[in-house]
Trainee: 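Supplied in structure tokens, the structure appears directly below.
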2 protein chains.
Amino acid sequence: MAESSSVQSLDRAFDLLELLCKSRNGMTIGGLSAETGLHKSTVHRLLSSMCTRGYVQRDAATSIYRAGMRLCELSSYIMDNLDVVERARLPMERLGRETDETVHLVMQEERDIVYIHKVESGRGAIRMFSRIGMRRPLYCTGVGKAILATWPDSEVHTLWQESDVKPWTAHTIVSEDAFFHELERVRRLGYALDDEENELGVRCIAAAIPDYRGRASYAVSVSAPISRMSDERIASLRGPLLTACDEIAVALGGSMNRG
Amino acid sequence: MAESSSVQSLDRAFDLLELLCKSRNGMTIGGLSAETGLHKSTVHRLLSSMCTRGYVQRDAATSIYRAGMRLCELSSYIMDNLDVVERARLPMERLGRETDETVHLVMQEERDIVYIHKVESGRGAIRMFSRIGMRRPLYCTGVGKAILATWPDSEVHTLWQESDVKPWTAHTIVSEDAFFHELERVRRLGYALDDEENELGVRCIAAAIPDYRGRASYAVSVSAPISRMSDERIASLRGPLLTACDEIAVALGGSMNRG
DNA sequence: AAACACTATTCCGTAATACGAAACATGGAG
DNA sequence: CTCCATGTTTCGTATTACGGAATAGTGTTT
């Protein structure tokens, strides 16, 4: 409306499509007409057009219109083509140069995180992590906590129940209460710390890559031996890390951690 | 053009949108213009319109256009409203555990079935199927036959006429007579087999989820490589499959396949 | 059973809308 | 620096989508 360069019929068609997608049991021409303020015949014409393409379905008996599965098909194409690794590559490499430490990209799968990409720093990289495809539970890693901080509490609770929680090191959080407090802290700060919770002698700072809903399945971390990871160092890593995550999130069409 | 009631700008916009969804790394205006035969300024105008709504994303630096996440959002609305998926979730997961194979839920739409949910088994899952939103004709899939077996012959006949029947594999049934015989067998047994009719090397057993009238629009299948799908194996899958379908049917307020 | 009320669908004259040629930026290559 | 290629904006035009009104189709009331 206010927007200048917009094709009227397209705009109207998308209004209709969005209404149909959100309605549970479909809508009639009349209903759509009332809701959008468009003339009945206009609604009818636009819907017919979308019907022939499968974006909308018309119940022949009742003339109730619903969203068609074609949209889901397109959505699945998009998902398939979302090559996170590819889109994360450049931001990760820059983060690696800026920090001179090892950078990891992980994705959540079931109750674990899986390492899917890594950039190693110039200086004595910590070798222990490294293997692409390696898994760790969500609950005992910085990246896992960063991801879970974007999930609703109910889902985190379910996951906690399903997880076989055990102390990987003396620092691992094993109480659900303490874990929820920790997630609160992550949400407040915008990043998560792994303070030898997964592996002794290794500290890392991690941040999530949220999708368009603000929910994350991916995260990035910067890891280093504890000797190089003072609190001051972490404070200085925060900025570059969040910048990189925001870049990746945008490249994936998602939202950002910070405005 | 050939189609009667279709809004030109809409049709063109969807052409563009579909191309973008299928392209891995986005496309330029020029590419889209060449592909569709539309004038570049027309492409530009339509894309701008879709950009403001989030259906398309424009990389500011390179002016490469990609499909936006808005489509995924709409798709998720549709999925949320399809509560079949929700009601089928637990029975399908149990069926997956019991059989240790890939389980699919499909719905009929027009002359096709659409995959709407999937549970992958622990062992070497067959990846080829999988894409949620993917379509196949009713006539050449086990799930399709299971659904059609609940329809009156007249409707099956109409559908057969409207379908562009062709052999997907050497095993696909392409004669209407043979097809009706096959449906008789499905009705007698209570389940359908897909014996490499859709994809070579893959066998599956499928059963319908009938509504209160006994008519089905949904079906569930268990698929596996032919090596794991002997006749004995199929006999042993029958029980768990039918049980799962009955559970889902009851959850949806429908009738049951068996007493 | 007939008339009614309501909604979807089709028709068609009109002008607003989307179109596309061409001019104008922009940016990369040689 | 110039050229070339590609994206962006402008603007006059007629094609296209619009919407009022007529029609068909459904279910409901008296």
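Labels below follow one simple rule: chain letters A, B, ... track the order of the sequence lines, proteins then strands, and each chain is numbered from 1. On a predicted model such as this, the values are computed, not experimentally measured, just so you know.
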Trainee: Kindly check if the number of other-residue, nucleotide or ligand heavy atoms within 6.0 Å of CD (B/E35) is above 12?
Mentor: no
Trainee: Is the closest side-chain donor-acceptor distance between A/Q57 and B/E110 under 3.5 Å?
Mentor: yes
Trainee: In whole Å, I'd like the distance from the CG atom of B/D59 to the P atom of C/dG27.
Mentor: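 One finds 13 Å between P of C/dG27 and CG of B/D59, rounded.
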Trainee: What string of B, S and - do you get for nucleotides 8-27 of chain D, 5' to 3', when a contact is any protein heavy atom under 4.0 Å?
Mentor: BB------SSBBB-------
Trainee: Find out whether the Lys NZ or Arg CZ of A/R70 is both under 6.0 angstrom from the six-membered ring centre of A/Y55 and within 45° of the ring's axis.
Mentor: yes
Trainee: Looking just at side-chain N and O atoms, do B/S63 and B/R58 make a donor-acceptor pair shorter than 3.5 Å?
Mentor: yes
Trainee: Which pair of heavy atoms, one from A/G142 and one from A/A206, lies closest together, and at what distance?
Mentor: C-CB, 3.5 Å
